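To find a chain, count down the sequence lines: A is the first, B the second, and so on, and within it residues start at 1. The structure displayed is predicted, hence computed values, not measured ones.
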There are 2 protein chains.
Amino acid sequence: MGVLKYAILGLLNRQKMTGYDISRACDTSLFEFWNAKHSQIYPELKSLTEAGLVEYEIEIAGNVLQKKLYSITPAGREAFHTWELTRHKPRGVPKDEFRLQLFFSDSIPSEQRLALLGAELEAHTERLAQLHDDLNKFDGIPPADDCAFCDYMVLLGAIKREEASCDWLETCIDLCRART
Amino acid sequence: MGVLKYAILGLLNRQKMTGYDISRACDTSLFEFWNAKHSQIYPELKSLTEAGLVEYEIEIAGNVLQKKLYSITPAGREAFHTWELTRHKPRGVPKDEFRLQLFFSDSIPSEQRLALLGAELEAHTERLAQLHDDLNKFDGIPPADDCAFCDYMVLLGAIKREEASCDWLETCIDLCRART
DNA sequence: TGTACCATGTAATGGGTTACATGATTCA
DNA sequence: TGAATCATGTAACCCATTACATGGTACA
């Protein structure tokens with residue numbers, strides 16, 4: 001495993017960044033499919049530096065503040081490229097507390113189950129609306145060799161995922177109502 | 001957190017089981033939304049026993065083999081029921097190595113990207129076929145108060161999820177072809 | 001001058017996987 | 001009698017989160 005490593009290398013393959021920038025990227029551009037806290041990123045950058053896959057230069061911001069501006073090394077690019085071309089076996093199905101709850105919901109009254117389903121649907125509907133807003137920021141489909149095109153594809157994936165969740169939850173609600 | 005605890009309590013709320021049975025259940029009925037290895041389950045059962053939420057009786061199978069047959073206690077039922085009725089905040093988006101890879105795929109040749117997308121589509125298509133087989137085992141929709149109805153709902157969820165994945169991957173493949 | 005944000009780290013803890021370790025039962 | 005499966009556990013390690021800890025910069 002050790003996928004975080006490649007997330008970082010992939011970002012640095014595009015441009016020089018600080019640990020803080022990488023942390024920001026996890027909260028924004030990578031948000032839909034990866035995440036990491038700064039407490040994980042800084043140690044990882046340290047070990048990548050020791051492994052010779054990245055390097056840094058100190059930059060002074062303002063008067064005193066030292067920023068470490070990281071860049072990828074040729075060895076790092078090589079490692080990233082190998083990973084990028086490899087077909088990785090999917091890890092098991094993601095854990096989902098809501099589905100676990102629903103799986104055991106024959107043990108609670110029907111109205112309570114409907115309440116849980118309704119709340120879940122509301123959350124996904126809201127999330128879907130946000131994603132549609134993000135999609136509307138695109139001015140047409142970017143060209144395929146542009147990294148904006150990748151942004152576009154993963155955003156489409158997030159939208160289809162949320163749509164499927166909403167669709168499923170609506171079906172469940174209908175079924176519960178029809179069969180009670 | 002500590003959701004595994006409730007997965008176990010939920011199973012024991014239905015029937016008495018051994019640690020091994022619980023382990024099996026994780027690989028089968030819970031597979032679509034939860035999983036745990038036996039090395040995690042046995043210690044958890046120990047701590048649940050210490051907390052008074054479950055208890056066990058020794059059963060002899062064959063001549064010698066001692067099985068621990070666990071059952072839920074009233075306190076355990078209480079704890080499970082509280083969890084079951086609570087609306088839990090969803091943990092962040094699940095990590096997805098493929099999407100990470102796709103996000104960085106502007107760095108590789110177009111044919112390679114299409115190959116990755118094709119392989120991923122194939123895997124999801126196969127998985128979808130399996131799930132449809134599982135659905136066909138149902139003889140109509142079970143009544144809403146039956147635990148088979150819960151099985152049915154989570155299976156529908158798994159199917160919609162896979163359908164969305166296939167749909168998305170097909171869209172990506174089309175887009176890549178159209179814009180190259 | 002205060003607040004939001006930029007910037008970097010470590011420590012403790014929890015959750016989870018892999019590997020180690022053992023032995024009984026069932027059925028062909 | 002051998003293989004698949006049932007059955008229970010521990011140890012080492014890895015990944016990740018929360019909390020601890022510090023301080024500078026930009027801007028209103």
Handout entry: Whole-Å gap separating P (D:dT25) and NZ (A:Lys67)
Key = 11 Å

Practice task
Answer with yes or no whether the side chains of A:Glu97 and B:Trp83 bring together a donor and an acceptor at under 3.5 Å.
Solution key: yes

Handout entry: Nucleic acid contacts of residues 21-31 of chain B, taken as heavy-atom distances under 4.0 Å to DNA chain D
Key = B:Asp21

Handout entry: Nearest-nucleotide comparison on DNA chain D, the residue closer to the 5′ end among B:Tyr20 and B:Tyr70
Key = B:Tyr20

Exercise for the section: Could you tell me whether B:Arg24 sits above the aromatic face of B:Tyr20, with NZ or CZ closer than 6.0 angstrom to the six-membered ring centre and within 45 degrees of the axis? Expected result: yes

Handout entry: Aromatic centroids of B:Phe103 and A:Phe33 separated by under 6.0 Å
Key = yes

Practice task
Flag the pair B:Asp106 and B:Arg113 as a salt bridge only when some basic side-chain nitrogen lies within less than 4.0 angstrom of an acidic carboxylate oxygen.
Solution key: no

Exercise for the section: Output yes when a side-chain donor or acceptor of B:Gln101 lies under 3.5 Å from a complementary backbone atom of A:Thr86, and no otherwise. Expected result: yes

Exercise for the section: Give a yes or no on whether a salt bridge exists between A:Glu57 and A:Lys68, defined as a side-chain N under 4.0 angstrom from a carboxylate O. Expected result: no

Handout entry: d(NZ, B:Lys16; P, D:dA7) in whole Å
Key = 16 Å

Fill in the blank from the handout: Sorted by number, residues from residues 57-64 of chain A placing a heavy atom under 4.0 Å from DNA chain D are A:Ala61, A:Gly62, A:Asn63, A:Val64

Problem - Those residues that, when tested against B:Arg161, pass salt bridge (Lys or Arg N to Asp or Glu O under 4.0 Å) (two or more places apart) - result: B:Glu32

Handout entry: CZ/A:Arg177: more than 12 non-hydrogen atoms of other groups inside 6.0 Å
Key = no

Problem - Under 3.5 Å: donor-acceptor pair, side chain of A:Thr73, backbone of A:Gly52 - result: yes

Exercise for the section: Check whether more than 12 heavy atoms from other residues, nucleotides or ligands sit under 6.0 Å from atom CD of A:Glu122, and answer yes or no. Expected result: no

Exercise for the section: Can you tell me which residue pairs pass the ring pair (Phe, Tyr, Trp, His ring centres under 6.0 Å) test with a partner in residues 149-180 of chain A, sequence neighbours excluded? Expected result: A:Phe138-A:Tyr152

Exercise for the section: Could you check if a side-chain atom of A:Asp174 sits within less than 4.5 angstrom of a side-chain atom of A:Thr171, using non-hydrogen atoms only? Expected result: no

Practice task
Give one of base, sugar-phosphate or nothing for B:Lys5, where a contact means two heavy atoms less than 4.0 Å apart.
Solution key: nothing

Exercise for the section: Quick one: closest heavy-atom pair of A:Asn35 and A:Cys26, and the distance? Expected result: CA-CB, 4.4 Å

Problem - DNA chain D-proximal residues of residues 34-48 of chain A, any heavy atom under 4.0 Å - result: A:Asn35, A:Lys37, A:Ser39, A:Gln40

Practice task
Shoot me the first and last contacting nucleotide of DNA chain C against chain B, ordered 5' to 3', at under 4.0 angstrom to non-hydrogen atoms.
Solution key: C:dG15 to C:dT25

